[in-house]
Amino acid sequence: MARRQPPPVLLAVLIGIAAVALQALLVPLFAGPAANLEPRDLPIVVAGPPEATAGIAARMEQSLPGGFEIIIRPDAAAADRALRDREAYGALVVGPDGPVLHTASAASPTVATLLAQAAGQLGDGRPVPVVDVVPGDPDDPRGGGFAGGFLPLVMTSLIAAAALTLAVRSRPVRLAGLLAYGVLAGLVGAAVLQFWLGVLPGGYPLNAAVIGLTALAVAATVAGLGSLLGLPGIGLGALIVFLLGNALSAVGAAPELLPQPWGTVGQWLPVGAGATLLRSAAFFDGAGGAQPMWILAGYVVVGLVLLLVGRSVPVVPGRSVDRPGEAGAPAVSGTPVATSGGPAVTRG
């Protein structure tokens, strides 16, 4: 008995309602974190004599309760070392002429700007000098080029994973396709950002390895879920790595500026982990990159395991890369089949 289809007008209205409901969920997901950027346990160093650092730390806590995680260091050298090791985003170094702000704008231009504005309140009417200990790329001072490179990387990784899952029957071939994509994505992506656009410093081989690992983590996650669950798995993978991953990645800000726990959650997703690892590799000689590297490696391993235990046929119903008559391919209904010594018999 054929299923009764809803009237076209009703179907059109239902599609419109579903699209608006999706929009109502996506707008807060993307706009909410961006509209509520403010320090939340942001690591900041205060360096200098104990009596001076205590006063500065107290004033910072009073100005924004819960906004800063104060780290005390004895002098400017120790403060700068903490910035280069990615233990903090900035440092207030107290000297005989007042405080001096040391920043690491490569970690987050947004945080560096925020700290410069906040430090002005500590100068008692005098401007607070700013020293950028770890500057960003001079061709990308606001970090927009660095952040903008991640959206196309994630989109192409989704496309590659979906195409392999939908079109390729063999699991080993899917695996080979994913690995080849990861290598090429790293080599080309790093070349574009570093040599063409000039927004990425550091060593090309290391940058390429990080971008390739990020691309493979995204693609393997989507392909693994797609192989295991079919089309719903591809949708679930896109939800995790694209919608949630981009919204919570803090690529253009810092995870400590997002409402919690979302800032922390974003760092456990491929985009946030990839951005943190690439900053560490390009600007900080790898400092602070161990955790995001293992997170990305975990997504790769889990994704590839799911791919190998999942379906060995394309997930599109009724589609197969095999031709009728080949081994493993279903016979087509109504196709004449020749029999030995007799007329053709119709199967179906």
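Values reported hereafter were calculated over all heavy atoms of this structure, with side chains retained and with hydrogens, waters and symmetry mates removed. Note that the coordinates shown come from a computational prediction; the quantities given were computed from them, not determined experimentally.
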Closest heavy-atom contact between [X] and [Y]?
{"X": "Gly145", "Y": "Asp140", "answer": "N-OD1, 2.9 Å"}
{"X": "Ala238", "Y": "Leu158", "answer": "CA-CD2, 3.9 Å"}
{"X": "Leu216", "Y": "Leu178", "answer": "CD1-O, 3.5 Å"}
{"X": "Ala219", "Y": "Ser157", "answer": "CB-O, 3.7 Å"}
{"X": "Val218", "Y": "Pro270", "answer": "CG2-CB, 3.8 Å"}
{"X": "Pro255", "Y": "Ala250", "answer": "N-CB, 3.6 Å"}

Determine yes or no for a side-chain-to-main-chain donor-acceptor pair under 3.5 angstrom, with [X] supplying the side chain and [Y] the backbone.
{"X": "Asp41", "Y": "Glu69", "result": "no"}
{"X": "Arg174", "Y": "Leu308", "result": "no"}
{"X": "Ser105", "Y": "Gly136", "result": "yes"}
{"X": "Asp85", "Y": "Glu87", "result": "no"}
{"X": "Ser280", "Y": "Ala287", "result": "yes"}

With the 4.5 Å side-chain cut-off for hydrophobic clustering, are [X] and [Y] part of the same group?
{"X": "Leu187", "Y": "Leu153", "result": "no"}
{"X": "Leu307", "Y": "Val183", "result": "no"}
{"X": "Leu179", "Y": "Leu184", "result": "no"}
{"X": "Leu197", "Y": "Ile211", "result": "yes"}
{"X": "Leu114", "Y": "Val130", "result": "yes"}

Within a 6.0 Å radius of atom CD on Gln62, are there more than 12 heavy atoms belonging to other residues, nucleotides or ligands? no

Just wondering, more than 12 heavy atoms not from Asp285 lying within 6.0 Å of its CG? no

By the definition side-chain contact (heavy atoms from CB on, under 4.5 Å), identify the one residue from Val93, Val45, Val46 that meets it with Arg73. Val45

Any side-chain heavy atom of [X] sitting closer than 4.5 Å to one from [Y]?
{"X": "Leu175", "Y": "Leu304", "answer": "yes"}
{"X": "Leu225", "Y": "Leu306", "answer": "yes"}
{"X": "Trp268", "Y": "Ile295", "answer": "yes"}
{"X": "Val300", "Y": "Leu296", "answer": "no"}
{"X": "Thr276", "Y": "Leu278", "answer": "no"}
{"X": "Asn207", "Y": "Gln194", "answer": "yes"}
{"X": "Arg171", "Y": "Ser227", "answer": "no"}
{"X": "Pro259", "Y": "Arg40", "answer": "yes"}

I need the [X] [atom1] to [Y] [atom2] distance, nearest 0.5 Å.
{"X": "Leu213", "Y": "Tyr299", "atom1": "CG", "atom2": "OH", "result": "12.5 Å"}
{"X": "Thr156", "Y": "Ile159", "atom1": "OG1", "atom2": "CD1", "result": "6.5 Å"}
{"X": "Glu256", "Y": "Ile44", "atom1": "CD", "atom2": "CD1", "result": "9.5 Å"}
{"X": "Asp139", "Y": "Leu200", "atom1": "CG", "atom2": "CG", "result": "11.5 Å"}
{"X": "Ser249", "Y": "Leu151", "atom1": "OG", "atom2": "CG", "result": "9.5 Å"}
{"X": "Phe150", "Y": "Leu193", "atom1": "CZ", "atom2": "CG", "result": "8.0 Å"}

Checking side-chain polar atoms at under 3.5 Å, does Gln260 have a donor or acceptor matched by the opposite partner on Thr264? yes

Phe284 six-ring face occupied by Arg84 cation (under 6.0 Å, within 45°): no

For the pair Thr103 and Val134, evaluate side chain to side chain contact (heavy atoms under 4.5 Å, CB included) and give the outcome as yes or no after the intermediate values. CA-CA 7 Å; Thr103 63; Val134 188; over 6 Å; no

For side chain to side chain contact (heavy atoms under 4.5 Å, CB included), just list the numbers for Val111 and Leu42, CA-CA rounded to whole Å, side-chain angles, deciding distance to a tenth of an Å, and then say yes or no. CA-CA 9 Å; Val111 172; Leu42 187 73; 3.8 Å; yes

Using the side chain to side chain contact (heavy atoms under 4.5 Å, CB included) rule, take Gln291 and Gln267 through it: C-alpha gap first, then chi angles, then the decisive distance, then the call. CA-CA 9 Å; Gln291 177 173 313; Gln267 294 302 295; 5.5 Å; no

